[in-house]
Amino acid sequence: MKKPARRDGTPDRNNNNKKQRPTRSETGGRSDRSEAGGRPSRSETDRRPTRSDSVKGKSGRPDAAAAKNKRGKPKSAKPQRAQAQAPKISNAKPARHQYADAADRPAGPPQGDGMRLQKVLAQAGVASRRAAEELISQGRVEVDGRIVIEQGLRIDPENAVVRVDGVRVVVQKDLVHLALNKPRGWQSTMSDDLGRPCVGDIVSERVAAGQRLFHVGRLDADTEGLLLLTNDGDLAHRLMHPSFEVSKTYLATVSGALERGVGKKLKEGVELDDGPAKVDTFTLLDINEGKSLVRVTLHEGRKHIVRRLFEAVGHPVIRLVRTDIGAVALGDQRPGTLRVLGRGEVGGLYGAVGL
C-alpha cells in the first residue's frame, strides 16, 4: 500500500507518526470515561477535531470561525455588512430659533432675496450700517407698514416702502427730487415755442442725460420762488391734486397799507369768478412807503389764486414769491439755481400725500 503523498508529490510525514485509533468495537462500546472515574481518556483528548465536529449554529450549518481550509488552517471569517442602526432619538429641547413645525414660527417680514435693510438705509443717507442696525433694534424702522426688529432682513429697494421714525425714506436710486428757485420772468415749462427762457433751460443737462423730470405745478412768469421737479410721476400728481391739500406759503408785497379787517376777511373766504377761496393763515409782516408785506398760506391750486384774492380785497399784488411747499422751504437759495432735496424733505412730501 502506497503512502499518501501531498499534491506536490512529496510523502506526507505527519501521517507516519500517527497511531491507528481504536474503533468503538475494539473498546467494547464503552467510553474510557467510565474507566477513569468520569475523566476523559488520553485518546479522546488527543483526537483532532474533524470537519463534522465543527461548531454548528442554530441553523445546523458549520460556524465559519471554526472551519478550516484544506491545509488545516482556520478559515478567515467573511466580512459581514454592517446593519443599519435605528435612528437615535434626542430628548434635548430645541433652541429658540428652531421650530418643529412651520406653523409655530412667528409671523414676520419675509427674508427673501434683495438687499439688507441696514445697507439700504446706509445708501439712502439715513445712517451708517452700524447706526442703522441700532435703529432697527430700537424698533424705529418700518417696512411696508410693519415694524422690523430683526437684523439681516432683505428687501427690494425698488418696491419696498421704508420709514424711519414715521418718515418715508426713498431708497430708489433712480428717483430725483429737486428744488428750483424760479427767477422772475421765466416760464414754468420744459420748452417754449417763442424762445422765452423757461425751466427746461435750467435742467437741460439732466434731460440730455436721460432724466425725465416733471415740474410740480406752475408759477406764472411774474411770480418767482420755489418750484419742485421730480421724475416720480405719482408724487407729482398727488402734490398738485387739491384733494391732498398740500400747503403752499407765499410772501406777497401788495399796494397800500392793509386795514385791520383784511386778514379776517381772507380767512373767512372771498367770492371769486370760479367760486369761493380763502387762505389758511395770514400774517402782516411790514408796512412801508405805501406797501405792505404779507405772508399767507393756503392749499388752493387754482391759477393766479393769490393775486386774485388780494385783488378782490382792494390790494393788488406788486411782487409774489413762493417760499414753501409742504415740508420743503426755499431758504436762501439763489434765483435760477437747483438743489437736491434732503431726506427729511423728501420724506415729508411723501408723507403729505400718503405715499
Side-chain angles (χ1 to χ4, degrees), residues 123-126 157-158 161-162 167-251 297-306 319-355:
Q123 291 185 352
V126 177
E158 298 296 327
V161 178
V162 182
V167 179
R168 172 78 179 269
V169 177
V170 179
V171 296
Q172 299 183 27
K173 296 181 179 180
D174 57 343
L175 290 182
V176 179
H177 307 88
L178 303 173
L180 166 67
N181 187 352
K182 187 189 85 67
R184 189 174 184 178
W186 287 56
Q187 305 296 318
S188 296
T189 57
M190 299 304 293
S191 63
D192 188 78
D193 297 336
L194 301 177
R196 295 173 295 183
C198 62
V199 173
D201 298 336
I202 301 176
V203 295
S204 58
E205 294 183 359
R206 290 179 174 270
V207 174
Q211 291 183 358
R212 185 184 179 187
L213 297 174
F214 307 95
H215 50 82
V216 180
R218 292 175 179 268
L219 292 176
D220 59 76
D222 292 334
T223 303
E224 55 190 299
L226 182 60
L227 185 66
L228 299 180
L229 297 102
T230 180
N231 59 355
D232 190 342
D234 193 12
L235 175 63
H237 171 73
R238 295 196 177 200
L239 288 173
M240 292 185 292
H241 201 279
S243 62
F244 292 98
E245 300 183 351
V246 178
S247 62
K248 305 172 184 66
T249 303
Y250 297 84
L251 284 177
T297 302
L298 68 165
H299 58 269
E300 290 276 357
R302 286 180 279 177
K303 186 177 181 180
H304 299 161
I305 185 65
V306 178
R319 183 187 179 192
L320 186 61
V321 180
R322 183 160 66 185
T323 59
D324 299 83
I325 300 177
V328 182
L330 183 63
D332 56 355
Q333 186 175 342
R334 293 180 300 172
T337 60
L338 286 169
R339 71 174 180 88
V340 179
L341 296 184
R343 180 179 63 87
E345 294 174 319
V346 175
L349 292 177
Y350 277 91
V353 296
L355 289 177

Grab the two heavy atoms, one from [X] and one from [Y], that are nearest each other, plus how far apart they are.
X: Pro197; Y: Gly185; value: CG-O, 4.2 Å
X: Leu341; Y: Ala179; value: CD2-CB, 3.6 Å
X: Ile202; Y: Pro183; value: CD1-CD, 4.4 Å
X: Leu330; Y: Arg322; value: CD2-O, 3.9 Å
X: Ala236; Y: Thr230; value: CB-CG2, 4.0 Å
X: His215; Y: Leu227; value: CB-CD2, 4.2 Å

Please round to the nearest 0.5 Å and tell me the distance separating atom [atom1] of [X] and atom [atom2] of [Y].
X: Asp220; Y: Lys303; atom1: CG; atom2: NZ; value: 8.5 Å
X: Thr337; Y: Leu180; atom1: OG1; atom2: CG; value: 7.5 Å
X: Lys182; Y: Leu229; atom1: NZ; atom2: CG; value: 12.0 Å

With a 4.5 Å heavy-atom cut-off, do [X] and [Y] have their side chains touching?
X: Arg218; Y: Thr189; result: yes
X: Gln187; Y: Leu194; result: no
X: Ile325; Y: Val246; result: yes
X: Leu228; Y: Leu178; result: no
X: Val216; Y: Met240; result: yes

Exercise for the section: Evaluate whether atom CZ of Arg302 has more than 12 neighbouring non-hydrogen atoms of other residues, nucleotides or ligands under 6.0 angstrom away. Expected result: yes
With a 3.5 Å cut-off and sequence neighbours excluded, list the donor-acceptor pairs that the side chains of residues 345-355 form with protein atoms.
unit_1 : atom_1 : unit_2 : atom_2 : d
Glu345 : OE1    : Arg339 : NH1    : 3.1
Glu345 : OE1    : Gly342 : N      : 2.8
Glu345 : OE2    : Arg339 : NH2    : 2.9
Tyr350 : OH     : His177 : NE2    : 3.1
Tyr350 : OH     : Asp232 : OD2    : 2.4

Handout entry: Donor-acceptor pair, side chain of Asn231 and main chain of Val176, under 3.5 angstrom
Key = yes
Problem - Sidechain-backbone polar pair: Asn181 side chain, Gln333 backbone, donor-acceptor under 3.5 Å - result: yes
Exercise for the section: Just do the side-chain contact (heavy atoms from CB on, under 4.5 Å) check on Thr323 and Leu226 with the steps written out, would you? Expected result: CA-CA 6 Å; Thr323 59; Leu226 182 60; over 6 Å; no
Practice task
Quick one: do Trp186 and Leu219 satisfy side-chain contact (heavy atoms from CB on, under 4.5 Å)? Show the steps, please.
Solution key: CA-CA 9 Å; Trp186 287 56; Leu219 292 176; over 6 Å; no
Exercise for the section: Evaluate side-chain contact (heavy atoms from CB on, under 4.5 Å) for Val321 paired with Thr223, printing each intermediate quantity in order. Expected result: CA-CA 6 Å; Val321 180; Thr223 303; over 6 Å; no
